[in-house]
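Note that the structure is a prediction, hence the values are computed from the model and not measured. Every chain is numbered from 1, with letters handed out A, B, ... down the list of sequences.
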Amino acid sequence: MADGYDPQAIERRWQQVWESTGTYEVDNDDPRPHWYTLCMYPYPSGSAHMGHVRNYTFGDVIVRYRTMQGYAVLSPMGFDSFGLPAENAAIRTGRHPREFTDERIVQLRSSILRIGAVYEWRRQVTSHSPEYQRWTQWIFLRLLESGLAYRRNAPVNWCPGCQTVLANEQVLADGTCERSGDAVDKRDLEQWFFKITDYAQQLLDDLDALDWPERVKTMQRNWIGRSEGAEFSMVVTDVDGAAHPEGLSIRVFTTRPDTSFGMTYAVMAPEHPAVAAVTTDDQREAVQAFVARARQASDVERMSSEGSLDKRGVFTGSFVRNPFTGRSVPLYLADYVLMGYGTGAIMAVPAEDQRDWDFAMAHGLPIVRTIEPPADFDGEAYTGEGPHINSDWLDGMGKQEAIAAAIGFLEREGIGEHRINYRLRDWLVSRQRFWGCPIPVVHCDSCGVVPVPADQLPVLAPDDVEFLPTGESPLRAHAEFLHTTCPRCGAPAQRETDTMDTFVDSSWYFLRFTDPWNDEAPFSPEAARAWLPVDQYIGGVEHAILHLMYARFFTKALADLGVAPPELREPFTRLFTQGMIRLGGDKMSKSKGNLVAPEEILDTQGADALRLAHLFVGPPQDDVDWEGVGIDGCSRFLQRVWRLARGEVGGLPVDREHTDADLAIRRALHRLIARVDEDFERWSYNTVVASFMEFTNELHRYVQADAAPEAGVLAECIDTLLLLMAPMAPHITAELWEARRGGHIHEQRWPTADPALLVVDTVTMVVQINGKVRERIEVPAGIDAGAAEELALTSARVRELLDGATIRKVICRPPNLINLVI
RNA sequence: GUCGGAGUGGCGGAAUAGGCAGACGCGCCAGCCUAAGGAGCUGGUGCCCGCAAGGGCGUGGGGGUUCAAGUCCCCCCUCCGACACCA
């Protein structure tokens, strides 16, 4: 069958047409209203997998839909091309990561093309390109200059498997590396950080106005972890309450200063700088042993005691004076207190904190309730509301009142104040890796850290390096790269060999897309203004915290530095997070070896069927099981449309007066138009496909009815259906449109529903008796309650069922429903 | 443990503002067409009783509000996700 539906032939042809006609190329000064749609740029992993297909299909539907609606749509694509897999492959094969990466970019790009997704390829960026690195480094230097980038010695997570430092977020909850699964331990290194904590409050506040999934916003809020309380100092004393000879005091943070009268001991983190000073001679040995153990213990071990009663800790020999009671309480070290949060020391109130309770029980420390629990309370620590007791001048107060009073006291005493703490930490950007963007500074013995001058950027990693599985970055071993001269004093100096976290690259790529040719700045504020914020950002929920938080931080920082427009506070107005693809309940992933290759389907049923299947299977935000993706049904549907549009089904169309059947099918068509628009707006793609199928079924019945179809009506139905389907099934609709009408379907105007055809004149009213449906009556759409009741009561069937019973109540919702209560 | 999200036929799912539960598709069954069908077309398909007309039951479980609950409220169970000693 020469003119049968042949997906391969038409798909290849149209993909070439889209590339050559430039329909989806847009300039910054395009006069149409602007719309920026962006899919998270991928790590170039080789051929596209089903997750990519799903992601880019959603994006492509929006691009084509908005374009047909008359927008200038910016839809760029790029590659997140730095990262560990390429480097690990280099170590394995000895090939340079760039060769490897470039190859995979070509592969991924062509397999993205095969699903029919269209992009503004002129604007493609890759994070490893010299131009992109130049501007990543330039931004780094601006952050350094403004104090938002800094270096400090810090204990970091060290993965022995990957031989590199991991960010906290890359360590799983059980203390293992998210990539290799090895147990992570601690090492001290000089590290570069970005001061994201300066923006903690803004990052929290600005979430409110974003049109993002609520769960993503919640995750970000939790990650920022704002907590409000008080910070204050306590004098270190000996057992008799005499002040420490050096006048030492320690600072603690608490969210419950109102419970201070219940403090029965205090705790410092084992890493606290004052540990040595507060340790008494007779406790020194025990303390040193404890500290050594805690430092060496990986997070796995440290967390393993969670929830148990044997909270590990040791007495320092010193005491601190509770400023509220004037009495001294013992000062402990315990690993449940973290140096990284608050002040690294706490006042312990076992009666109102379960962790303190557990520790107190394990160490035989006293417990004093300061909040009266309800009479039926049978738990341990009580964290609920209640009147204060055992608290002197706080007694009888409620929580809020008491907190305010306690803070007032600390302020009057001059030892403390109200304080807000965030769980969010500064962003550790150093990576001891080769395949990343080099941090553009040199270390000079006399000048210290010196930025590489902007005109010498980019600092590129050398090509002639050996990749050995030593774990050390080849940069350190590369004499030519390592040894340089200080840009400030000219003396011999060493280059920084740390590279940046790849999240740095992805924190500004969406800005570069607006101005990818700029060679004087990463992008101009005008270009950014032309497109940003991104109207629709689409990606996996796995990036809900890190990437999105970092990109938000960069946007704010760059705006404040005058690089981006100052009014640009948020990068992504609307976010959509699509669900994952699973296979038999498991996450589908390369590491699980359960990938279903898109190629198999592209080679048989074709891209349109594959796209439709992904759209149809269920709500886009939900995870789907590949087993449930019904390619066959979608393929069958497309073939039906093909035959219908080519006049291969039903009677020959004729020109004639319109009949009721013609009107009915036109009404169905216009309802479909309205429905598709509504469903597009609410991301209900699965129901859009369902309504296409429903309408096509109806159209089938129309053309196969006894009366021949009316030519004009049939043409309107088919052409409009093709237009509506064009964003989802771009190839087949383009082919059919060209054959029927000539020209490019994707350059046509999006159809609008005729309001007159949306008005219905009769509807089916259900008649309920005691809430059960007993009868259906066709009624005029404008029927009023009285007439509806009248009609219902005259129905023979209703009369029979009522059997003379007294109607106690009539609830009438004309024209849809009437309920008779007897 | 805390915070989110979900639970509807054999399966994926639909029901947008409390008003006809199960749209659409898969699968299955029957029929048509056919030399043949892994094609196409037509019809059926929540469960139970019934030849049928019809009736009863039914959205994880239990309670409640309402003329009316998949939808709202309370309690419980299960699954998924995030965080996980954050003071």
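The partner of rA82(B), taking Watson-Crick or G-U wobble pairs whose two distances both stay under 3.5 Å, is rU2(B). Pair check for rA53(B) finds none; no Watson-Crick or G-U wobble contact set falls under 3.5 Å. Base pairing of rG70(B) is not made with any nucleotide, judged by Watson-Crick or G-U wobble geometry with both donor-acceptor distances under 3.5 Å. If you check rG7(B) for Watson-Crick or wobble pairing at under 3.5 angstrom, you find it paired to rC77(B). Of the nucleotides present, none pairs with rC33(B) by Watson-Crick or G-U wobble criteria with both distances under 3.5 Å. Under the Watson-Crick and G-U wobble criteria, each requiring two contacts below 3.5 Å, nucleotide rG27(B) is paired to rU45(B).
Residue contacts shown for Asn421(A) are absent, as no nucleic acid heavy atom lies under 4.0 Å away. The residue Val766(A) sits close to a base: some heavy atom pair falls under 4.0 Å. Residue contacts shown for Arg774(A) are limited to sugar-phosphate atoms, with no base heavy atom under 4.0 Å away. Within the 4.0 angstrom heavy-atom criterion, only backbone atoms of the sugar-phosphate kind lie near Arg640(A); the bases stay farther away. Nucleic acid contact class of Gln768(A) (heavy atoms, under 4.0 Å, all strands): base. Nucleic acid contact class of Ser691(A) (heavy atoms, under 4.0 Å, all strands): none. Arg808(A) comes within 4.0 angstrom of nothing in the nucleic acid, heavy atoms only.
Side-chain contact check for Arg640(A) and Asn697(A): at least one donor-acceptor pair (N or O, by modelled atom type) lies under 3.5 Å. Under the 3.5 Å distance criterion, with hydrogens and angles disregarded, a donor-acceptor pair is assigned to the side chains of Tyr336(A) and Asp356(A). Side-chain atoms of Gln578(A) and Gln621(A) form no donor-acceptor pair, as typed in the model, at a separation below 3.5 Å. For Arg251(A) and Ser233(A), the side-chain atoms include at least one donor-acceptor pair closer than 3.5 Å. Inspection of the Thr259(A) and Glu352(A) side chains reveals no N or O donor paired with an N or O acceptor under 3.5 Å. Side-chain atoms of Thr197(A) and Asp426(A) form a donor-acceptor pair, as typed in the model, at a separation below 3.5 Å.
Comparing the C1' positions of rC20(B) and rA69(B) gives an interatomic distance of 14 Å, to the nearest angstrom. A distance of about 38 Å separates the P atoms of rA39(B) and rA6(B), rounded to the whole Å. The gap from the C1' atom of rC72(B) to that of rG18(B) amounts to 8 Å, rounded to the nearest Å. Spacing of P atoms, rG9(B) relative to rG46(B), comes out at 13 Å, to the nearest Å. Straight-line distance between the C1' atoms of rG7(B) and rG56(B): roughly 26 Å, to the nearest whole Å. rU8(B) and rG22(B): their C1' atoms are spaced 8 Å apart (whole Å). Comparing the C1' positions of rA68(B) and rG19(B) gives an interatomic distance of 7 Å, to the nearest angstrom. On the P atoms, rA82(B) is 41 Å away from rC29(B), given to the nearest whole Å.
Between Asn686(A) and rA23(B) there is no side-chain polar atom (N or O) within less than 4.0 angstrom of OP1 or OP2. Between rU16(B) and Thr687(A), no contact under 4.0 Å exists linking OP1 or OP2 to a side-chain N or O. Dashed line: the shortest gap from a side-chain N or O of Gln704(A) to OP1 or OP2 of rU42(B) is under 4.0 Å. Between Arg636(A) and rC26(B) there is a side-chain N or O to OP1 or OP2 distance below 4.0 Å. Between Lys772(A) and rC57(B) there is a side-chain N or O to OP1 or OP2 distance below 4.0 Å. Between rG18(B) and Arg813(A), no contact under 4.0 Å exists linking OP1 or OP2 to a side-chain N or O. At least one side-chain nitrogen or oxygen of Arg423(A) sits closer than 4.0 Å to the OP1 or OP2 atom of rA84(B).
At whole-Å resolution of the value, CZ in Arg776(A) and P in rC20(B) are 10 Å apart. Here rC11(B) presents its P atom at 13 Å from CG of Asp625(A), a figure rounded to the nearest Å. For the pair Arg226(A) CZ and rC3(B) P, the interatomic distance rounds to 20 Å; values are reported in whole Å. Distance CD (Gln354(A)) to P (rU2(B)): 12 Å, rounded to an integer number of Å. Following rounding to the nearest Å, Glu694(A) (CD) and rG25(B) (P) show an atom-to-atom distance of 8 Å. With rounding to whole Å, Tyr702(A) atom OH is found 20 Å from rC41(B) atom C1'. If you take CZ of Arg701(A) and P of rG43(B), they are 7 Å apart, rounded to a whole angstrom. The distance between atom CG of Asn697(A) and atom C1' of rA23(B), rounded to the nearest whole Å, is 11 Å.
Residue Arg797(A) has its side chain nearest to rG54(B) when only rC67(B), rG54(B), rA87(B) are considered. Candidate nucleotides rA15(B), rC41(B), rA14(B) were compared by shortest atom distance to the side chain of Pro619(A), and rA14(B) ranks first. Minimum atom distance to the side chain of Asn819(A) is reached by rA68(B), of the listed rA68(B), rG13(B), rA84(B). Closest approach to the Ile545(A) side chain among rA82(B), rC85(B), rC67(B) is made by rA82(B) (side chain taken as heavy atoms from C-beta onward).
Distance check, rounded to the nearest 0.5 Å: OG1 of Thr604(A) to CD1 of Ile631(A) gives 8.0 Å.
Summary of the strand contacts: Ala690(A) and Leu817(A) both lie near RNA chain B, and taking for each the nucleotide with the nearest heavy atom, the more 5' one is attributed to Leu817(A). Along RNA chain B, the nucleotide nearest Arg675(A) and the nucleotide nearest Met693(A) are compared for position; the residue whose nucleotide lies closer to the 5' end is Arg675(A).
Put simply, the side chain of Arg215(A) and the base of rG5(B) share no donor and acceptor less than 3.5 Å apart.
Between Tyr685(A) and Phe616(A), the ring centre distance reaches or exceeds 6.0 Å.
Base orientation for rG9(B): syn, the chi torsion being within 90° of 0.
Heavy-atom neighbours of Arg682(A) CZ from other residues, nucleotides or ligands within 6.0 Å: above the threshold of 12.
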